[in-house]
Every structure is written in C-alpha cells, then in structure tokens.
Amino acid sequence: MIPVSRPYLPSRERLDHYLDKIYQSSQLTNHGPLHEELTLRLAQYLEVSPENLILVANGTLALQLAIKSLDLTGEVITSPFSFVASTSAAVWEGLRPRFCDIDAEDLNMATQKIPPLITSSTSALIPVHVFGNICETSDIQKLAKQNKLKVIYDASHCFGVRHQGKSALEYGDISTISFHATKLFHTVEGGAIYTKDTKLADKIRNMSKFGIDKHAAIVDLGINAKMSEVHAAMGLAVLDELDVIQSARATLWNRYAENVSHTILCQTKRDTDSQNHAYFPVMLKNETILLSVQRRLKASGVEARRYFYPSLETLPYLQSHLSCPNAHDIASRVLCLPLFPGLNEAEQLKIIQIVNDTLEQV
Ligand SMILES: *Cc1c(COP(=O)(O)O)cnc(C)c1O
C-alpha cells in the first residue's frame with residue numbers, strides 16, 4: 001500500500017550519532033544539550049530568535065500553551081477547515097469556538113467574514129495557515145487591533161515558509177507549529193511555539209516545564225510539555241537531511257502540478273510567499289467523484305486522504321449553529337494525494353494516471 005504520507009526516517013548512522021551523545025551525557029530530558037542544539041539550529045533555519053522559540057512535546061500542547069499564556073476566555077474565532085486539533089485545543093482550554101467560513105481560493109478564514117462573528121465575549125482569533133498557504137495577515141492584524149483581540153496562528157503546516165520576506169512564524173501574537181511524524185520536519189512527536197515578545201516567550205517556556213523558571217523558582221502555573229532528548233535527537237538527524245527532503249518534495253509536487261488534470265488543482269500560490277510542498281490537495285467537482293477517485297486509488301494500493309474532513313463546525317461535541325457553506329462544500333471534495341520523500345516516479349505516475357482516468361470516466 002502506498003500511504004498518503006510516510007514518516008521520514010533519517011540515516012541510521014546519523015541518528016546513532018545523536019543517540020550516542022545521549023549515552024554520553026546521560027541526560028534524557030529537561031532541556032538537555034540536544035534540546036538546546038535543536039532549538040538553536042531550528043531558530044537559525046527558520047530565521048527567528050532562539051530565545052523566542054520554545055520546543056514542546058507536540059503541536060496540540062503548543063496551541064494549549066499559547067492559549068493559556070494569553071489568558072484567553074470566552075469565544076475564539078477559528079477556521080472550520082483544519083485538522084481537529086486547532087479547535088479541540090481551544091475547547092480543551094475552556095473556550096467556545098466560533099467558526100469563520102473559508103475563502104474558496106486560499107482555503108483560509110475569509111477575513112471579511114470575521115467582523116460579524118465578533119462579540120463582547122471574543123478574546124482571540126485562531127486562524128490556520130492551511131496546507132502552508134499563509135492567511136491574509138494584514139487584514140487579520142487590523143481586525144485584531146481594532147477589536148483588541150489576540151491572534152494565535154496555527155502554523156503547523158508552515159515549516160520553512162516565508163511570508164512577505166519573513167518567517168511565517170513572525171505574524172500574530174503567537175504562532176504554533178507541529179513536528180509530528182507525518183509533517184515535513186519531525187521529531188517523532190513534537191512542536192514549537194514562537195512569539196516576538198521575549199517576556200511572553202519566557203513565560204511560555206516556564207509554563208511548559210511546570211511553571212519553573214531558570215532559577216528553579218515556581219513562578220507560574222505550568223504543565224509538562226517538554227521535548228525529550230530522544231525526540232530532539234530525531235529532530236537533529238532529520239534536520240541534517242532537510243535538503244534531501246525538500247528537493248524530493250519539490251520534485252514530486254511539481255510533477256503532480258504538471259500532470260494532474262488542471263481541472264482539479266486547488267492551491268493558489270501567492271508571489272510574496274515561499275512554498276514548502278508539504279501537501280498536494282486536489283479539489284474534485286463533488287463528493288461522489290471524490291469517493292470514486294479514492295476508491296479507484298485504493299483498489300490499486302494507493303491511500304489518498306480526506307484532509308480535512310469533516311468541516312469542524314459539524315463536530316458532534318460542539319453544537320455549533322453557524323453554517324460555513326464554503327468549508328462544508330470544500331471539505332466534502334478535497335483529497336490529498338500521496339507526497340513524501342521515497343515515493344518513486346513510477347508510483348507517482350501510476351497515481352496521476354488513475355486520477356486522470358477516473359476524471360475522464362465520471
Ligand atoms: C498536525 C496538526 C496539529 C497537531 O499537531 P500534533 O503535533 O499532532 O499535536 C494541529 N493543527 C494542525 C493544523 C495540524 O495539521
């Protein structure tokens with residue numbers, strides 16, 4: 001079976017090199033030397049300040065810490081077209097999500113639909129840069145300022161993406177990212193939080209380790225969200241091979257873009273942003289066609305996933321009464337095609353042929 005995504009395994013020698021360091025230091029966690037090295041190297045790679053980048057155990061905890069550190073209450077406005085964690089993290093922290101429908105082109109929250117959703121209980125906007133497409137950050141910034149709202153960007157899909165000449169993480173009050181095994185860059189499980197505000201970064205760092213500061217004083221309410229040395233070792237080994245990962249992804253992404261029927265391409269690129277080729281979503285005409293493409297692929301041993309389905313305003317535990325027609329429609333007909341280093345050309349051409357053939361027959 002060809003999966004939609006296969007976790008990248010760095011060379012065993014490289015991983016062993018870092019694991020050997022753990023055996024030498026005997027430090028397994030609590031911000032050990034590999035955690036520090038990964039923080040520095042990621043900050044350098046992402047072009048952000050290492051003091052303001054906090055590595056954590058996963059991308060969901062990154063969102064929860066971001067929410068907690070800003071003392072958010074009441075309602076938050078977020079995207080219904082996302083992985084469930086961007087909403088469930090907010091609900092878990094006691095917030096009520098209000099869903100803003102998405103733009104049919106960039107698939108992010110349609111900023112002109114935000115104002116009617118703002119109430120006296122709204123404390124923040126939690127937009128998602130879906131598939132690495134960056135939101136309309138200047139509109140969002142303006143709305144946040146006018147209405148005194150905080151902004152947390154879920155930048156889980158944005159590893160290495162630059163927006164208007166800066167790291168995508170530089171926008172909003174806080175950005176969070178996931179380093180889950182299926183993401184472009186991974187630490188098996190992991191994530192990070194970035195904020196330009198150094199005081200806030202210190203607070204979040206303390207909160208991620210039981211509220212204990214660098215002088216061993218308990219200064220805040222905290223939780224355990226630390227990234228371990230073993231996870232950092234995997235991150236360093238993957239980071240060493242990032243060039244290979246990215247060029248493989250770019251080659252695959254471009255081959256899809258050139259060969260998949262142009263009637264179903266759905267990512268709109270912005271000139272001011274770079275691309276990280278993390279996903280290759282296609283938009284079918286309707287759900288029936290999507291299901292038939294998915295079925296035909298499966299019969300040939302290919303797994304294509306419905307990222308992101310269902311549209312989150314339909315979550316059973318939410319009783320959201322807001323309707324999001326674009327998100328609902330698009331979630332019913334978007335499919336992500338397999339994209340990972342190691343997918344070979346013959347396999348990819350087979351996938352393209354099945355997709356194109358199915359489209360001709362329906
Ligand atoms: C992967 C992902 C998360 C969750 O990250 P984990 O590291 O799996 O906890 C959150 N939001 C989005 C948009 C994601 O894709």
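Both ligands and their constituent atoms are indexed starting at 1 by order of listing. For clarity, every value in this text was computed on a predicted model and none was experimentally measured. Residues: numbered from 1 along the sequence shown.
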Using residues 179-186 as the side-chain source, report each donor-acceptor pair under 3.5 Å to any protein atom, sequence neighbours left out, with the distance given to one decimal.
| from | atom 1 | to | atom 2 | distance (Å) |
| --- | --- | --- | --- | --- |
| H180 | ND1 | T182 | N | 3.2 |
| H180 | ND1 | T182 | OG1 | 2.9 |
| H186 | ND1 | V188 | N | 2.9 |
| H186 | NE2 | Y8 | O | 2.7 |

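F131 pairs with exactly one of Y307, F280, F308 by the ring pair (Phe, Tyr, Trp, His ring centres under 6.0 Å) rule, that one being F308.
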Report each N/O pair between ligand 1 and the protein that falls under 3.5 Å, naming both atoms.
| from | atom 1 | to | atom 2 | distance (Å) |
| --- | --- | --- | --- | --- |
| ligand 1 | 5 (O) | S178 | OG | 3.2 |
| ligand 1 | 7 (O) | G59 | N | 2.8 |
| ligand 1 | 7 (O) | S178 | OG | 2.7 |
| ligand 1 | 9 (O) | G59 | N | 3.3 |
| ligand 1 | 9 (O) | T60 | N | 2.9 |
| ligand 1 | 9 (O) | T60 | OG1 | 2.6 |
| ligand 1 | 11 (N) | D154 | OD2 | 2.7 |
| ligand 1 | 11 (N) | S156 | OG | 3.4 |
| ligand 1 | 15 (O) | H157 | NE2 | 2.7 |
| ligand 1 | 15 (O) | K183 | NZ | 3.1 |

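Partners of R6 under the salt bridge (Lys or Arg N to Asp or Glu O under 4.0 Å) rule, at least two apart in sequence or in another chain, do not exist in this structure. Among residues two or more places apart in sequence or in another chain, the salt bridge (Lys or Arg N to Asp or Glu O under 4.0 Å) test is passed with K68 by E93.
If you check the side chains of T137 and H163, you find a donor sitting under 3.5 Å from an acceptor.
A 6.0 Å sphere centred on OH of Y23 holds no more than 12 heavy atoms belonging to other residues, nucleotides or ligands.
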